[in-house]
Novice: 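Shown below is the structure under consideration.
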Amino acid sequence: MGRGSSGHRSAPPAPQKARAPHKAQGPRKAAAPQQARDARQAQADRAPGGAVRQRVGRLWRELVKFGAVGGAGLLVNLLVFNLVRHVTDLQVVRASVIATIVSIVFNYVGFRYFTYRDRDKSGRTRELTLFLLFSAAGLVIENGVLYLATYGFGWDSPLQSNVFKFLGIGIATLFRFWSYRTWVFRALPRGQAVAGDAETFLRAESKRARAKAAR
């Protein structure tokens, strides 16, 4: 009865280990961190004052980035202004206009690819047109202060010119901050912003997987 040739019972076959279910790869795995972030974001928004704190935090980060680019642009503006005055015989306001134009180009690169790199990129022609339009208005504000000080009050020494140039930049910067964030670098709708984050994440995961496969 179930005995082998040696008289002993044959050992029952060893039970096979259950295989662990194959983990899903690809978009489902890559989307999990994004889903977790979305859940945390939704929970924070539902908390008392959560939405307000989120807005204040985003505005603060935007101000810091805008200030970093604007501060660098300020240095470019003043350096070019004093360089043009030193090496040419141009009138003070004309030298200032040249310096402002140079800083506008510098600022666009900084704002587009640093401060507002997560904003809508679909309408570059519209964006650049509005940027130049509002930058021209800022140029008039900035150099209007210097013109008034120079030709209205006769304050035209190098120190006075730099002081009023700086003051004009400060006033124009307030206008630029409002106009750029409102009209030029438009915020994406929340759904599109999340989709963009997920796409970036998936692209990074794909590159990482290819790098591992190449090793």
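Position 1 is the first residue of the sequence, and the numbers go up from there. This structure is a prediction, so every number in the text was calculated from the model and none was measured.
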Novice: Cut-off 3.5 Å, side chains only: do Asp156 and Thr150 have a donor facing an acceptor?
Specialist: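 Asp156 vs Thr150: no donor-acceptor pair found between side chains.
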Novice: Rounded at 0.5 Å granularity, tell me how far OG1 in Thr88 sits from CD1 in Ile98.
Specialist: 6.5 Å
Novice: I need the Asn162 CG to Leu167 CG distance, nearest 0.5 Å.
Specialist: 12.5 Å
Novice: Is it the case that atom CZ in Phe134 sees more than 12 heavy atoms from other parts of the structure closer than 6.0 Å?
Specialist: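 Buried by this count: over 12 neighbours within 6.0 Å.
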Novice: Which heavy atom in Val69 sits nearest to a heavy atom in Asn107, and how many Å separate them?
Specialist: O-OD1, 3.6 Å
Novice: Of the non-hydrogen atoms in Ser135 and Ile104, which two are nearest, and what is the gap between them?
Specialist: CB-CD1, 3.7 Å
Novice: Could you tell me the separation between the CG atom of Asp118 and the CZ atom of Phe185, rounded to the nearest 0.5 Å?
Specialist: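 Asp118 atom CG to Phe185 atom CZ measures 11.5 Å (nearest 0.5 Å).
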Novice: With the 4.5 Å side-chain cut-off for hydrophobic clustering, are Phe114 and Phe66 part of the same group?
Specialist: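 Yes, same cluster.
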Novice: Grouping I, L, V, M, F, W and Y whenever their side-chain heavy atoms are under 4.5 Å apart, do Leu75 and Ile101 come out in a common cluster?
Specialist: no
Novice: If we only count heavy atoms from C-beta on, is the Arg117 to Lys65 side-chain gap below 4.5 Å?
Specialist: yes
Novice: Give me the atom names and distance for the closest heavy-atom approach of Gly73 to Phe106.
Specialist: N-CE2, 3.6 Å
Novice: On a heavy-atom basis, which atom in Gly138 and which in Ala172 lie closest, and how many Å separate them?
Specialist: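 For Gly138 and Ala172, the tightest heavy-atom pair comes out as O-CB, 3.5 Å.
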Novice: If you look at every heavy atom in Phe81 and Val92, which pair is closest and at what distance?
Specialist: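 In terms of heavy atoms, the two residues are closest at CE1-O, 3.4 Å.
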Novice: Taking Ile141 as the starting point, is it possible to reach Trp178 by hopping between hydrophobic residues whose side chains are less than 4.5 Å apart?
Specialist: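 They do share one cluster, since a chain of ILVMFWY contacts under 4.5 Å joins Trp178 to Ile141.
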Novice: Could you tell me the separation between the CG atom of Leu174 and the OG atom of Ser179, rounded to the nearest 0.5 Å?
Specialist: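 These two atoms lie 10.5 Å from each other.
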Novice: Anything under 30° is parallel, anything over 60° is perpendicular, the rest tilted; go ahead and classify Phe153 against Trp155.
Specialist: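 The arrangement is parallel - the two ring planes meet at less than 30°.
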Novice: Search all heavy atoms of Thr129 against all heavy atoms of Thr125 and return the closest pair with its distance.
Specialist: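 Here Thr129 and Thr125 meet closest at OG1-O, 2.8 Å.
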Novice: Which value, rounded to the nearest 0.5 Å, describes the distance between Leu78 atom CG and Ile169 atom CD1?
Specialist: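 Between atom CG of Leu78 and atom CD1 of Ile169 there are 4.5 Å.
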Novice: Look up atom CZ in Phe111 and atom CD in Glu127, then write down how far apart they are to the nearest 0.5 Å.
Specialist: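 The CZ atom of Phe111 sits 12.0 Å away from the CD atom of Glu127.
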Novice: Is there a side-chain contact between Ile171 and Val145 in this structure, where contact means two heavy atoms from C-beta onward sitting under 4.5 Å apart?
Specialist: yes
Novice: Taking atom CH2 as the centre, does Trp183 end up with more than 12 heavy-atom neighbours from other residues, nucleotides or ligands that are less than 6.0 angstrom away?
Specialist: no
Novice: Please examine the side chains of Arg181 and Leu59, heavy atoms only from C-beta on, and report whether any two atoms are closer than 4.5 Å.
Specialist: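 Yes, close enough: below the 4.5 Å cut-off.
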Novice: For residues Arg85 and Ser96, determine if any side-chain heavy atom of one lies less than 4.5 Å from a side-chain heavy atom of the other.
Specialist: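 Not in contact.
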Novice: Grouping I, L, V, M, F, W and Y whenever their side-chain heavy atoms are under 4.5 Å apart, do Val140 and Val93 come out in a common cluster?
Specialist: no
Novice: Could you tell me whether the side chains of Thr100 and Lys165 share a donor-acceptor contact shorter than 3.5 Å?
Specialist: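 Per modelled atom types, Thr100 and Lys165 side chains form a pair under 3.5 Å.
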Novice: Less than 4.5 Å apart, any side-chain heavy atom of Phe166 and any of Glu142?
Specialist: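 SC-SC contact between Phe166 and Glu142 ruled out.
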Novice: Under the ring pair (Phe, Tyr, Trp, His ring centres under 6.0 Å) rule, collect the residues that match up with Phe131, sequence neighbours excluded.
Specialist: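 Here the qualifying residues are Tyr108, Tyr180.
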Novice: With a sphere of 6.0 Å drawn around CZ of Arg126, does it hold more than 12 non-hydrogen atoms of other residues, nucleotides or ligands?
Specialist: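 Count over threshold, so yes.
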Novice: Say whether Val84 and Val97 are linked into one hydrophobic cluster, either directly or through other cluster members, by side-chain heavy-atom distances under 4.5 angstrom.
Specialist: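 No; Val97 is not reachable from Val84 via cluster members.
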